[in-house]
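Scroll down for the structure; my scribbles are underneath it.
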Amino acid sequence: MVNDSRSTHTPAAEDYTQPILAHEKSLSQKIGRGSEAGDILDQQLVVLGFQLITQLNTLIKTSKIHGRTNAALDKPVETMLTLIQTLAHDRPATLRLQNDFLFLWDSHLKVSAQQMLVVSSVIEAMAKWKIGGLTFASSVSSKDLRDFAYLFVSLDPVAKTSEDFRQELKTMGVTTIEIEDPRILTLKTDTGGSDLKGQHKARSRSAYEQVSTAAGSLTQAMRDGGTISFKQAKRAIQNIIDLMMQDEPAMLGFATLRCHDQYTQKHSVNVALLSIALANRAGYPKVELADLGLAALFHDMGKSSIPLDVLNKPGEFTEEEWAAMRSHPTEGVLSLAQLRGITNLPARMAAASFEHHMNLDYSGYPKLKTPWKLSLTGRVLMIADCYDAMTSSRVYRREPMDPAKVLSMMFQKSGKSFDPTLLKLFVTCVGIIPIGTLAELTTGEFAVVLKPATDKVDSERPLVKVIAGTNGEPVDNGPELDLTEKDDTGNYCHSIVRLIDNTEHRFDTSRYFS
């Protein structure tokens with residue numbers, strides 16, 4: 001379960017260590033998949049997997065300070081040996097890194113918000129070495145682990161390759177630890193793949209419109225004082241989650257849809273999409289993603305108490321109008337609590353409404369006179385809400401801000417307005433060069449970013465679609481280009497020369513996702 005309250009300190013790695021669990025050697029072979037016992041085993045493996053990550057992180061950090069024979073390494077080494085021997089009864093234990101996620105074998109290790117600090121540290125360390133996986137045999141020894149950690153911290157990943165690392169391990173006689181190369185995801189270019197892509201895009205578009213319609217209907221019902229039914233919205237959010245699990249970038253592409261005349265409605269849907277993607281990376285289980293998505297969808301419900309002429313005012317607000325706008329988080333909680341169609345207001349829905357403008361350092365609003373601990377839901381919403389609001393056109397700002405510029409501004413407020421760990425995770429969702437960004441290529445063509453790069457090393461080389469030629473004229477059905485692709489000489493085939501403010505050439509990049 002995700003811990004939904006803010007931690008006031010950063011726990012040491014040892015704080016996460018739980019008693020080591022063990023299971024009978026043949027247990028996994030006796031359990032039928034899908035059974036209750038199988039679920040218990042899966043949960044046990046997740047615990048063991050995270051314990052292995054924690055001890056690996058401790059071993060690496062300790063090895064940076066002490067020599068490989070130092071007694072300070074005894075505890076992490078001994079614990080790792082126990083964990084590996086427990087996990088590797090039937091097959092060697094393998095930790096894999098793919099798309100900024102850690103896996104135990106092929107099972108995604110979802111972790112809590114507190115555990116993210118440890119996981120992020122291990123992911124960053126493996127990414128520097130371009131390591132896609134680490135496999136530990138059951139026969140691994142204390143010396144093997146110490147030698148591995150010594151090489152990990154003493155060799156320079158900039159000057160050495162993972163192959164050099166393998167050779168050094170071999171030279172030291174370490175055969176029980178194997179290093180895997182990163183797994184590369186290839187793009188389907190065949191006709192069948194194109195048809196499937198088109199079908200997925202159509203389903204995604206339909207899901208987006210369904211949740212948008214549900215949000216609009218419920219907002220209007222609230223303004224009219226009618227009974228609210230969340231069933232349609234719940235089904236639509238669940239559909240969104242299912243499609244996002246299949247192709248997250250494609251679904252997030254719909255968050256680039258901009259319409260200032262329907263800003264409040266579209267904004268709520270986009271915040272739900274962005275929040276679900278971020279919460280998924282923060283370790284929310286699928287069931288809780290649905291609750292969070294619904295909460296995000298109605299985070300601005302307090303605006304239903306504000307007159308439409310104020311909400312849609314193109315000019316500056318008066319002091320009274322600003323006071324009304326700043327009251328919408330509190331009004332949202334009160335409105336939701338009084339709805340005739342809801343009982344026992346969910347904590348996440350209340351948090352989403354009340355906290356999304358509060359800021360991490362409490363510099364936002366509403367202002368409080370008593371101590372308050374921000375929920376994880378609130379911290380997720382702060383990032384998603386701000387990003388979408390700043391990249392959207394509004395009645396008082398017809399032109400949206402460039403996504404890359406918005407991310408840069410948000411990072412300047414990391415640790416102040418936004419949770420720094422969550423903000424880093426958010427970048428893995430939208431990309432360092434965010435989805436929907438307009439870019440000029442070395443060929444002089446203009447392209448829109450469709451998907452972030454899958455490898456951190458190539459973070460500035462996303463998947464793009466050419467939308468205009470060198471003369472600036474729009475191109476229909478332009479090619480999709482993977483900017484990590486190289487020619488026979490090892491040079492990149494295409495590169496980005498500069499990022500362009502979408503409004504500079506009046507290109508509406510959102511239409512390439514709809």
Side-chain angles (χ1 to χ4, degrees), residues 99 184-205 208 246-259 273 391-393 399-408 427-514:
N99 295 1
I184 305 299
L185 298 179
T186 56
L187 299 173
K188 292 184 178 180
T189 56
D190 59 281
T191 305
S194 178
D195 290 342
L196 289 174
K197 184 177 179 181
Q199 293 171 14
H200 181 81
K201 189 173 183 180
R203 288 197 300 271
S204 298
R205 185 190 306 115
Y208 182 89
Q246 297 174 34
D247 192 343
E248 181 188 90
M251 200 68 243
L252 286 181
F254 284 90
T256 66
L257 297 177
R258 308 298 179 206
C259 178
L273 293 180
T391 55
S392 296
S393 58
E399 306 298 349
M401 290 181 64
D402 180 68
K405 187 183 297 183
V406 170
L407 273 187
S408 176
V427 174
T428 68
C429 300
V430 298
I432 287 181
I433 303 179
I435 295 170
T437 299
L438 186 64
E440 182 182 353
L441 305 180
T442 46
T443 57
E445 298 168 304
F446 289 173
V448 62
V449 175
L450 297 182
K451 293 184 179 182
T454 56
D455 192 331
K456 273 189 176 180
V457 178
D458 295 315
S459 58
E460 296 185 356
R461 293 189 167 277
L463 176 73
V464 303
K465 181 180 181 66
V466 175
I467 63 172
T470 54
N471 57 0
E473 290 297 316
V475 173
D476 291 329
N477 299 318
E480 293 184 5
L481 305 175
D482 182 353
L483 299 188
T484 63
E485 184 181 350
K486 295 182 180 181
D487 58 24
D488 294 337
T489 62
N491 295 316
Y492 290 108
C493 297
H494 305 277
S495 296
I496 292 175
V497 175
R498 67 185 179 110
L499 301 182
I500 303 170
D501 190 320
N502 292 23
T503 61
E504 181 182 331
H505 293 273
R506 302 290 174 179
F507 274 116
D508 176 17
T509 56
S510 67
R511 69 189 183 94
Y512 298 97
F513 298 94
S514 60

If I take atom CG from residue Leu441 and atom CG from residue Leu483, how far apart are they, to the nearest 0.5 angstrom?
6.5 Å
Closest heavy-atom contact between Ala404 and Thr437?
N-OG1, 4.2 Å
Please round to the nearest 0.5 Å and tell me the distance separating atom NZ of Lys486 and atom OH of Tyr492.
4.0 Å
Rounded distance (nearest 0.5 Å) linking atom CZ of Arg461 with atom CG of Leu481:
11.5 Å
Report, as yes or no, whether the 6.0 Å neighbourhood of atom CG on Asn477 holds more than 12 heavy atoms from other residues, nucleotides or ligands.
no
If you define the side chain from C-beta out and look only at heavy atoms, does anything of Val449 sit under 4.5 Å from Val464?
yes
Set out, in order, the CA-CA distance, both residues' side-chain angles and the distance that settles side chain to side chain contact (heavy atoms under 4.5 Å, CB included) for Leu499 and Lys405, then state yes or no.
CA-CA 10 Å; Leu499 301 182; Lys405 187 183 297 183; over 6 Å; no
Between Met251 and Leu273 the two heavy atoms that sit nearest each other are O-CD1, 3.8 Å
Shortest non-hydrogen contact from Ala453 toward Ser459
CB-CA, 4.0 Å
So which atom in Lys451 and which in Pro249 form the shortest heavy-atom distance, rounded to 0.1 Å?
CG-CB, 3.3 Å
If every non-hydrogen atom of Gly431 is compared with every non-hydrogen atom of Leu407, which pair is closest and at what distance?
O-CD1, 3.4 Å
Rounded to the nearest 0.5 Å, the CD1 atom of Ile435 sits from the CG atom of Leu252 at a distance of 5.0 Å
With rounding to the nearest 0.5 Å, note down the distance linking OG1 in Thr470 to CD in Glu445.
7.0 Å
Hey, could you give me the CG/CZ distance between Leu438 and Arg498, rounded to the nearest 0.5 Å?
8.5 Å
So Ile496 and Glu460, do their side chains get closer than 4.5 Å, heavy atoms only?
no
